[in-house]
Amino acid sequence: MTDVKIAARDVQVYYGDNHAIRDVSVDIKDKTVTAFIGPSGCGKSTFLRCLNRMNDTIDICRVEGDIAIDGEDIYDKRVDPVQLRAKVGMVFQKPNPFPKSIYDNVAYGPKIHGLARNKAELDEIVERALRRGAIWDEVKDRLTEPGTGLSGGQQQRLCIARAVATEPEVLLMDEPCSALDPIATAQIEELIDELKQNYSVVIVTHSMQQAARVSQKTAFFHLGYLVEYGETGHIFTNPEDPRTESYITGRIG
Amino acid sequence: MTDVIADGAPAGRHKGSLLAQDTRTKKRNAAEARFKIYGLFAICLGLLALVWLVTSIISNGAGAFQQTFVTLDVTLAEERLDKNGNRDPDDLRKVSTFGYAPLIAEAMEAKMTETGIAVEGLSAKDAAALVSKESPAQLRNFVLANPDQIGETVTFEFLAGGRIDGYLKGRVSMESAVRDSNVSPEQLMLTDAFVEAGVVEKRFNWLFLTAPDASGQRPEAAGLGVAIIGSFYMMLVVLVLALPIGVAASIYLEEFAPKNRVTDIIEVNISNLAAVPSIVFGILGLAIFINFAGLPQSAPIVGGLVLTLMTLPTIIIATRASLKSVPPSIREAALGVGASKMQTVFHHVLPLAAPGILTGTIIGLAQALGETAPLLLIGMVAFVREFPDGPPEGLFDPASALPVQVFNWTQRSDPAFVERASGAIIVLLIFLLIMNAVAIMLRRRFERRW
């Protein structure tokens, strides 16, 4: 069950002259929640964005090294980032639904990837995605209303539903709860736990408690280096590197 | 961590009562009040200037929409108009407008006898001069169009001459007529009598909007027809060219182009182009479109091309600003679900930027509509009496433009043209108001929150 889904080797990321990620090698397992923790500016979000090539949109950003998903190098010249992003979905820090109806928000991905042959199939996909996003019961009667009219937590779950609608294999989450209140956060965390049955989930978080609650594996980043990577329980109770210990005990960060 | 000194309060602490303002607070409040007064004063000054401008334009120009007409029954005598009696169009055409003038003089005499009005010392020729010099042409056009009416007596409404019209509008008086070689006090007396008899009256003048320009001697016949069509054609050219080119250029620069030195230079140059005096674009148009490409002078197509060049920077700057204002999170969301860059732009960014783009375009068009200087250089200032054909051929026919027509009329010596020019300004302002209203409406309609 726990095969390697993403394998990164000696990844370097540069923003212009700034060397943001240094020598990061990590194996991310399938059907597992992996948390990236670390102080602000340590490169955890940057590394996450390398996994679906979102950094391509930044002109000055340069990525070196190998990142392979299921053994295929995603930075190969033949790889189209559009196909990659259908396979590797992403949820962002701030809930960012399109200013369209709830239905259209979820249906957009399947539509552009041609996943539905007709309206009935599309309806089915939308319903399944909204159910997986644990928001179906709240919105099933108002699918035509704008997605921007939902509460923050609902918007974020809508975004998760939108991300899973394209049937990705990996789900990247960039601090998905940082703009939410504790109740909405608890709902999302519960959802993440369910999602790991079908996806490999990688989550960046500022909250160590959240990492401890939701993840099985944790990676600690510091100043662009991957300092320590291992079982979550191990990292939090028995860190090997003194920097990890300083961070989780609150002395740096 | 405390800065409390032994005796209690820190040095700077406010000691007085809260109910009384200390001098510092008073000073600050006074400064704020002064600033508000400056602002109010500036706004009042601006409003005053606007009100002054609008009232002066309207008081000068409203008259142009009213014109004095003289109603006469003209007998279209066959022996004068068609000596052979066979209604041959070629023969009819041989009779020039000079041949028609006596008919009007006869009709005038008949009208005077009929109404029993006689003014001492007024010759028949002078009496006939009450109607515009345009009238024989009007009569001739009617006869050429309706040859079967020859021999009948037909009732015509002729434009009154510019001075007679001016007399009814208060521009000409008995005193000024004494010194004026174009009008005599006797003619004005006849006018007074005719007004009472209902032969001469003032009413709304559609000809001002539909008729072509007229020469300097007959201001009463001058209209804006050709200018309105010319301006409309030019706006058509500008819209068809500037909107797609401008939006495509902005999308490329904003979303696709790499950010490097070349695009930086392009960006700076676009901003600079927006500030280039419009007459420079006129010279450019003269050199490129007329001298090099060999397009006809005075044609709306050339005017439209020049105005397109002038409007492009405005549209590009407005479009880029509204593309920039679309939050990056929307782009990320679309890219995140696997949309290509183009799908991201056309499905998500462009619809959100549309209100801004439309407003920018309409404001650019409004600017182009009021532009005069570049059109002078490409020959649009020429005196054009012929209506251009329908588009697209009509784009190559000579035409005038509204602002140029204003400029043109202000150059003429007859004071009646002051009124015409102000009237044309009113028409221009109405068009601009309509365009701005449309811009506001579109903005309201397409505006979305996120």
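Each chain gets a letter, A, B and so on, in the order the sequences are listed, and its residues count up from 1.
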Around atom CD of A:Glu72, are there more than 12 heavy atoms of other residues, nucleotides or ligands at under 6.0 Å?
no
Please tell me if the side chains of A:Pro81 and B:Leu335 come closer than 4.5 Å, counting only heavy atoms from C-beta onward.
no
Whether A:Lys94 and B:Glu332 form a salt bridge (side-chain N of Lys/Arg under 4.0 Å from carboxylate O of Asp/Glu) is what I want to check.
no
Within a reach of under 6.0 Å around CZ of B:Phe256, are more than 12 heavy atoms found that belong to other residues, nucleotides or ligands?
yes
Could you tell me which non-hydrogen atom of A:Phe98 sits nearest to which non-hydrogen atom of B:Ala333, and how far apart they are?
CE2-CB, 3.7 Å
Nearest heavy-atom pair of B:Gly338 and A:His113: which atoms, and what distance?
O-CE1, 3.3 Å
Over 12 non-hydrogen atoms of neighbours within 6.0 angstrom of CD in A:Glu121:
yes
Kindly assign one of parallel, tilted or perpendicular to the pair A:Tyr108 and B:His348, based on the angle between their ring planes and the thresholds 30° and 60°.
perpendicular
Taking C-beta and beyond as the side chain, do B:His347 and A:Ile112 meet within less than 4.5 Å on heavy atoms?
yes
Answer with side chain, backbone, both or neither: which region of A:Arg49 has an atom nearer than 4.5 Å to a non-hydrogen atom of chain B?
side chain
Ignoring hydrogens, what is the shortest heavy-atom contact between A:Val82 and B:Ala339? Give both atom names and the distance.
CG2-O, 4.1 Å
State, to 0.1 Å, how close A:Asn96 and B:Ser329 come at their nearest heavy-atom pair, and which atoms those are.
ND2-O, 2.9 Å
Can you tell me if A:Tyr75 has over 12 outside heavy atoms packed within less than 6.0 Å of its OH?
yes
Under 4.5 Å between any side-chain heavy atoms of A:Arg85 and B:Val337, yes or no?
no
